[in-house]
Amino acid sequence: MYKITLLPGDGIGPEVIASAKEVLSALPIEWEFIECGIGYGEYERSGSPLPDSTLAQIRNSDATLFGAVTTPPNIPNYFSPVVRMRQALDLYANLRPTRSIPHSSSRANIDMVIVRENTEGLYSGIERVEDDGERAITERVITRKGSERIIRKAFDLARQTGRKSVHVVHKANVLRQTCGLFRTVALEIAKEYPDIIMNEMLVDTCAMELVRAPEQFEIIVTTNLFGDILSDEACMFVGGLGIASSGNIGADAAVFEPVHGSAPPLVGTGKANPIAMLLATAMMLDHIGENNHAVKLRSAIEACIANNETTPDLGGTLTTNQVTEKVIARL
Ligand code: NAI
Ligand code: MG
């Protein structure tokens, strides 16, 4: 029996979480689902977009599935529950798989994971203005501990998934201290993995190589901002936001989510593509050790896409619920 926390959130979040719950329930596995509040709707109900009870429940479960939240117009005591959740649970590794789908909008032979550091770098939150607002400074913080754990995560993932290489992406020729430390740690850790090839690449070269020949990459590991940008770039090669999924992994908790937001105009139309959420669900199955079911779920999803059993964003005519039913039928 696995305990899974569900965070539907706002907008289409509840619609795609309902799809994930149905698909999981169709598997021969016992689940206990606990729904918790997050986002703007939760703020209106309880006064906080991320109540402590939600954080406690996430810590106390085997894994968490998160839909999406809406960012409200400026409200003084509102904070981003997504950023806060990653910080509070120390979800240091952001995994963004990019894999070809059998569809005309997707390039072929791509199967990579971008492993992004999720807690430090340029998103340190340490910012100030000087000279009466004439100078603005953000500190880029890179630590040995933060670098070690994310680089080790990338090499472990390469081994677990039978991949042969890891690209360590940095800009150490210019950012000599911060990227220099990241690079030094990578060179040390790579020695512990003689079976995996470590390639170094400057981030600007990587942006270019991703467009030119994305199939050369198996695992990319990089710092926070670089990973944020490169992973959004990569998802456009394989069908875009309707299918892009991600995982946020820490030592004590793991939260899986689609990359897309709450898409307010799609609410109630049946046009929300559940596949991004379902691919995040497959990542969750891998995470808890149910790898065979993860493989089956991905195959079922790919078969649906190949047979045009999709929502309008991928050129199909089915609704969120109908795609969910087709995926379950193929399981
Ligand atoms: P969005 O991701 O919600 O939508 C961008 C575009 O993609 C829209 O055209 C939308 O219709 C389409 N789209 C998104 N998900 C789709 C799906 N499952 N199937 C088919 N089409 C899909 O981003 P947008 O419009 O910039 O933001 C809307 C709200 O979501 C904002 O309040 C924003 O702050 C929030 N947001 C939340 C995120 C999260 O919860 N992790 C991430 C990004 C945005
Ligand atoms: Mg982004």
Side-chain angles (χ1 to χ4, degrees), residues 5-23 36-44 49-50 54 58 64-75 78-89 91 94-96 101 103 105-106 116 118 123 224 227-229 231-233 235-236 238-248 254-284 301 304-305 308-324 326-327:
T5 299
L6 301 177
L7 307 176
D10 305 312
I12 62 168
E15 299 175 21
V16 296
I17 282 285
S19 170
K21 189 176 174 186
E22 268 185 61
V23 167
C36 292
I38 189 169
Y40 187 37
E42 179 58 30
Y43 172 84
E44 290 185 315
L50 182 63
T54 295
I58 297 172
T64 295
L65 295 178
F66 167 45
V69 293
T70 297
T71 310
N74 266 334
I75 297 181
Y78 196 84
F79 56 85
S80 159
V82 180
V83 174
R84 182 70 62 91
M85 177 167 66
R86 290 174 184 170
Q87 286 166 350
L89 301 170
L91 303 174
N94 186 275
L95 308 187
R96 285 275 291 266
I101 54 166
H103 188 266
S105 67
S106 172
R116 160 189 167 195
N118 218 12
Y123 298 172
N224 205 339
D228 192 6
I229 297 170
S231 56
D232 274 18
E233 181 188 354
C235 89
M236 293 317 291
V238 295
L241 274 185
I243 71 145
S245 58
S246 72
N248 300 280
V255 179
F256 299 87
E257 58 176 315
V259 171
H260 64 72
S262 62
L266 299 187
V267 174
T269 64
K271 288 184 181 161
N273 191 343
I275 287 179
M277 185 75 240
L278 295 180
L279 287 173
T281 306
M283 292 179 80
M284 186 276 275
I301 291 168
C304 287
I305 295 171
N308 225 11
E309 293 163 1
T310 61
T311 43
D313 56 302
L314 286 182
T317 56
L318 300 188
T319 64
T320 314
N321 290 338
Q322 287 167 332
V323 171
T324 306
K326 293 285 185 189
V327 170

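On a predicted model such as this, the values are computed, not experimentally measured, just so you know. Atoms considered below: every heavy atom in the structure, side chains included; atoms not considered: hydrogens, waters and symmetry mates. Residue numbers run from 1 in the order of the sequence given. Start at 1 and go down the list; that is how both ligands and their atoms are numbered.
Here the CZ-CD1 distance, from Phe66 to Ile17, works out to 8.5 Å after rounding to the nearest 0.5 Å. In this structure, CG in Leu241 is found 10.5 Å from CG in Asn273, a value given to the nearest 0.5 Å. Taken from NZ in Lys326 to CG in Asn308, the straight-line distance is 11.5 Å, to the nearest 0.5 Å.
Residues with a heavy atom under 4.0 Å from ligand 1: Ile12, Phe66, Ala68, Val69, Thr70, Thr71, Leu241, Glu257, Val259, His260, Gly261, Ser262, Ala263, Pro264, Leu266, Lys271, Ala272, Asn273, Asp313.
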Please lay out, stage by stage, how Asn118 and Asn248 fare under the test side-chain hydrogen bond (donor to acceptor under 3.5 Å, both in side chains).
CA-CA 8 Å; Asn118 218 12; Asn248 300 280; 3.0 Å; yes
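Using a 4.5 Å heavy-atom cutoff, the side chains of Tyr43 and Pro72 are not in contact.
Checking side-chain atoms of Thr310 against main-chain N and O of Gly316 turns up a donor-acceptor pair under 3.5 Å.
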